Amino acid sequence: MQAETRTTIDRISGTNGAAISVLRFSGDISSTSKDSVLGAWQTVTGDGPVLLDFSKVDYINSSGIALVIQLLMEADKTGRKIAAFGLTPHFQKVFTMVGIGKYAGLHKDEATAAASL
Amino acid sequence: MQAETRTTIDRISGTNGAAISVLRFSGDISSTSKDSVLGAWQTVTGDGPVLLDFSKVDYINSSGIALVIQLLMEADKTGRKIAAFGLTPHFQKVFTMVGIGKYAGLHKDEATAAASL
Amino acid sequence: MVKTTGASVEVRLPSRLGFEKVAMGTAASVAQLMGFPPDRIEDLKTAVAEACINAIEHGNQLNEKLSVGVILSASDHELEVKVVDNGAGISKQPAKPDIDRKMHGEEDPRGMGMFLIQSLVDEAEWVHDSKGTNSYVRLVIRLDKENE
Amino acid sequence: MVKTTGASVEVRLPSRLGFEKVAMGTAASVAQLMGFPPDRIEDLKTAVAEACINAIEHGNQLNEKLSVGVILSASDHELEVKVVDNGAGISKQPAKPDIDRKMHGEEDPRGMGMFLIQSLVDEAEWVHDSKGTNSYVRLVIRLDKENE
Ligand SMILES: Nc1ncnc2c1ncn2[C@@H]1O[C@H](COP(=O)(O)OP(=O)(O)O)[C@@H](O)[C@H]1O
Ligand SMILES: Nc1ncnc2c1ncn2[C@@H]1O[C@H](COP(=O)(O)OP(=O)(O)O)[C@@H](O)[C@H]1O
């Protein structure tokens, strides 16, 4: 309902048994989400792969997409693999339009995304 | 999406094997729905019990509720038993507020509604 | 969370039945920004729809040259909605609908809009203009209150 | 079905970020009345949101005394949306965002709003006022056309 972004961080096991961190976003991703998006990234430990879960996100605007790009830049700098899942078909299209698909796989669900890493 | 009312009429078997007519509404029920609501009633044959299925209805306003009351009047005149199901909690509340619950059972789903007749 | 206090949103609709749904969509979006729970948003939507239908039908008498104004004002704890038309308004409240009388044909099956508005929101007030050119219904829905 | 042709709906929003969601709700309701399919309504919502964010941020510079106007006009085959602010508008289109340059820190990670608007609707036009007090973006989305 409300416009806050909430982020929780999970650790799951990939198909090969290696740990994967999952950043689960919910609410809106907009200009006020900097702390929730980039702040959460700071708390991800290790150097393993990371999944971004958008399945509980209602609204993403271009400022929010810019935060996702900054997060991809951080991942790129530290050589971490990253993939996203749970985008609605509309936001999957929008992410593809701006080119994000080139730097992060965009998957339907968690299992497919985890298997891609 | 669109504001049209569509009505389909099904025949199902009640728990005791007797035939029940089911009027399935979809779309909106408003002042423009007279033909779909009262017209459909005219085509229900026999004198068996009738169920009203609201599970595909998005919007009902007070003019639409007035049509439902007219339908209940028709059922009352001909001594037919009638029950409704598939209203959202909000419209279940609204139907109860205006007193419709006194003349037609308001049920959660088709099975419960059919068993009530 | 979006700060909504003090904010006011205005919509103008044509006097055509069906366009009450646009007011419902706008009102729901404002209420969502304010953090109203889903069931209260449903109450608000129905009340706003009925107020707009009355403004279109009775106030502006379906004259498409006239528009219906919907003014949504958010404060800390409540949302106020004024639905304005160009008619003379009403001077007295109709009787509460009586389902038994309706079922027996002693009362018009219609005539439930104002009753629903009053039942669904926390405050409802009909204000009529003596000149007969600017009447409104004013609804208030409170954030802290569950509808009973 | 509701006749929407020739109808026009107007919304006024405060210049506060977050209120673009109210314009999204209103635009979605109008498009729904017109019979647009769900995926086109999503396109429209994002385009309207980005246009409102730009009007709030760049046009009205977050000055809450100014409001953003959104005028939705339905014709037989299309919906036109004008998003009006009190700024000087833009005189030239920004370059298409380049993800590689963004990823390498050679371009601001932001700057995607106008690109998204243009990509999502069938027509987009930015009109700026020489006096610098009334600029708008005009979007058109067509009923018969699928977005490719
Ligand atoms: N905005 C309005 N302007 C003028 N008269 C109104 C207005 N709203 C309601 N009324 C009057 O009050 C009566 C009751 O309204 P309502 O309870 O909504 O039922 P209905 O619209 O079905 O008649 C209307 O029939 C009309 O005479
Ligand atoms: N309504 C407007 N009024 C004035 N300038 C605008 C307006 N919309 C866009 N601009 C200008 O165009 C630039 C690009 O806009 P946009 O692509 O939406 O990206 P962003 O808003 O993230 O910068 C803005 O930075 C601003 O300078």
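All values derive from a computational prediction rather than experimental measurement. The sequence lines fix the lettering, A, B, ..., with proteins before strands; numbering per chain opens at 1.
Within residues 61-70 of chain D, no residue has any heavy atom under 4.5 Å from a heavy atom of chain C. Contacts between residues 7-17 of chain C and chain D, counted as heavy-atom pairs separated by less than 4.5 Å, involve C/Ala7, C/Ser8, C/Val9, C/Glu10, C/Val11, C/Arg12, C/Leu13, C/Pro14, C/Arg16, C/Leu17.
The side chain to side chain contact (heavy atoms under 4.5 Å, CB included) check on C/Asp98 picks up C/Asp100, C/Arg101, C/Glu107, with sequence neighbours excluded. Take D/Thr133 and apply the side chain to side chain donor-acceptor pair (under 3.5 Å) test, not counting sequence neighbours, and it matches D/Asp129.
Listed options D/Gly18, D/Ala27, D/Ala23, D/Ala28 were ranked by heavy-atom pairs under 4.5 angstrom with chain C; first place goes to D/Gly18.
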